[in-house]
Amino acid sequence: MSLLFFKRVLANPVQVGYLVPSSRFLTHKTAKFIDYSRARTIVELGPGEGCHSRRIARRLGDHSKLILIELDPHFTEHLRKQFSHDKRVSVVNANALQLSETLDSLGISEPDYIVSGIPFTIMERGLRERLLANIANSMGPETRFITYQASLKISDREDFDLVRRERCLFNVPPLHVMELRKSANPDPN
Ligand SMILES: C[S@@+](CC[C@H](N)C(=O)[O-])C[C@H]1O[C@@H](n2cnc3c(N)ncnc32)[C@H](O)[C@@H]1O
């Protein structure tokens with residue numbers, strides 16, 4: 001585990017969520033959910049110190065974009081240094097609660113993929129539901145939402161339909177990787 005991750009967990013345990021970054025087994029599994037031949041724009045929420053971002057960037061096409069949206073300024077700074085040489089990657093210090101506004105400011109609508117490491121299933125319900133409603137609002141019919149979570153039920157709302165899922169046991173804690181699409185009948189509230 002990186003020292004930075006450990007420090008940020010101590011500083012903000014609820015926001016960071018888990019005690020250690022994702023394992024290489026989880027980053028490998030998650031990266032396989034992405035079809036790189038069609039991925040022009042990938043948005044990653046809560047990249048932390050960038051373990052999934054690095055794996056995605058390795059497979060990303062030359063003309064594709066990876067947008068990293070991270071709330072913690074220390075992680076953001078670390079990501080900016082790490083990807084300063086890579087023109088395909090943009091790092092934004094922002095709250096995923098402002099996802100639509102952030103994507104608008106970058107001229108992006110309906111990204112191909114939204115990958116999220118935000119620990120929805122262990123956060124306060126009201127915040128979780130607002131975050132997920134914002135994600136659903138930023139998705140088009142072809143956007144795929146990929147998230148790795150402790151529980152298969154991430155929301156009380158009906159905003160997403162499950163496309164597929166896999167379990168990763170070799171991670172602390174073991175997590176489900178899910179691919180979701182925007183529901184044909186989203187929650188009206
Ligand atoms: C469980 S850590 C995952 C870090 C990394 N993706 C990994 O798999 O190791 C959750 C990350 O989400 C970030 N985060 C939490 N709430 C956020 C929000 N509302 N907007 C953007 N990032 C957020 C945290 O700062 C942290 O970097």
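One-based numbering, in listed order, for ligands and for the atoms of each. Worth knowing before you read on, the calculation uses all heavy atoms, side chains too, and leaves out hydrogens, waters and symmetry mates.
- Counting heavy-atom neighbours within 6.0 Å of R24 CZ, excluding the residue itself, gives a total of 12 or less.
- Ligand 1 has A94 within reach: a non-hydrogen atom of the residue lies less than 4.0 Å from it.
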Would you tabulate the side-chain donor-acceptor contacts of residues 108-115 under 3.5 Å, counting partners in other chains and residues two or more places apart, or write 'none'?
unit_1: D112; atom_1: OD2; unit_2: R40; atom_2: N; d: 2.7
unit_1: D112; atom_1: OD2; unit_2: T41; atom_2: N; d: 2.8
unit_1: Y113; atom_1: OH; unit_2: D35; atom_2: N; d: 2.9

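- With salt bridges taken as basic N to acidic carboxylate O contacts below 4.0 Å, none links E179 and K32.
- What sits closest to atom 22 (N) of ligand 1 on the protein, heavy atoms only, is L71 N, 3.4 Å.
- Side-chain N or O atoms of R164 include one that pairs as donor or acceptor with a backbone N or O of F33 at under 3.5 Å.
- Classified by interplanar angle (parallel below 30°, tilted 30° to 60°, perpendicular above 60°), the ring pair F160/F145 is tilted.
- Not a single heavy atom of G17 sits closer than 4.0 Å to an atom of ligand 1.
- For the residue pair R8 and D72, the shortest heavy atom distance occurs at NE-OD2, 2.8 Å.
- Remark: ligand 1 atoms within the under-4.0 Å shell around heavy atoms of F75 are 27 (O).
- The nearest pair of heavy atoms linking D156 to E129 is N-OE2, 3.0 Å.
- Residues passing the side chain to side chain donor-acceptor pair (under 3.5 Å) test with S138, sequence neighbours excluded: S100.
- Heavy-atom neighbours of R59 CZ from other residues, nucleotides or ligands within 6.0 Å: above the threshold of 12.
- In terms of protein heavy atoms, atom 15 (C) of ligand 1 is closest to Q15 O, 3.3 Å.
- The heavy atom nearest to atom 1 (C) of ligand 1, out of those in V92, V9, V16, D72, is found in V16.
- Protein heavy atom in closest approach to atom 27 (O) of ligand 1: E70 OE1, 2.8 Å.
- Below 3.5 Å of separation, one finds no N or O of V20 facing any N or O of ligand 1.
- Across L97, L175, L131, I118, heavy-atom proximity to atom 14 (N) of ligand 1 is greatest for I118.
- Considering only non-hydrogen atoms, atom 9 (O) of ligand 1 lies nearest to S22 out of G46, S22, A11.
- If you look at H52 next to ligand 1, the close heavy atoms, those under 4.0 Å, all belong to the side chain.
- For H63, the NE2 atom counts as loosely surrounded, since its 6.0 Å shell holds 12 or fewer non-hydrogen atoms of other residues, nucleotides or ligands.
- One option in P47, S23, S53 has a heavy atom closer to atom 5 (C) of ligand 1 than any other, and that option is P47.
- A96 N, 2.9 Å is the protein heavy atom nearest to atom 20 (N) of ligand 1.
- Counting protein heavy atoms only, atom 19 (N) of ligand 1 is closest to N95 OD1, 2.8 Å.
- Polar contact check, Y148 against ligand 1: a nitrogen or oxygen pair lies under 3.5 Å apart.
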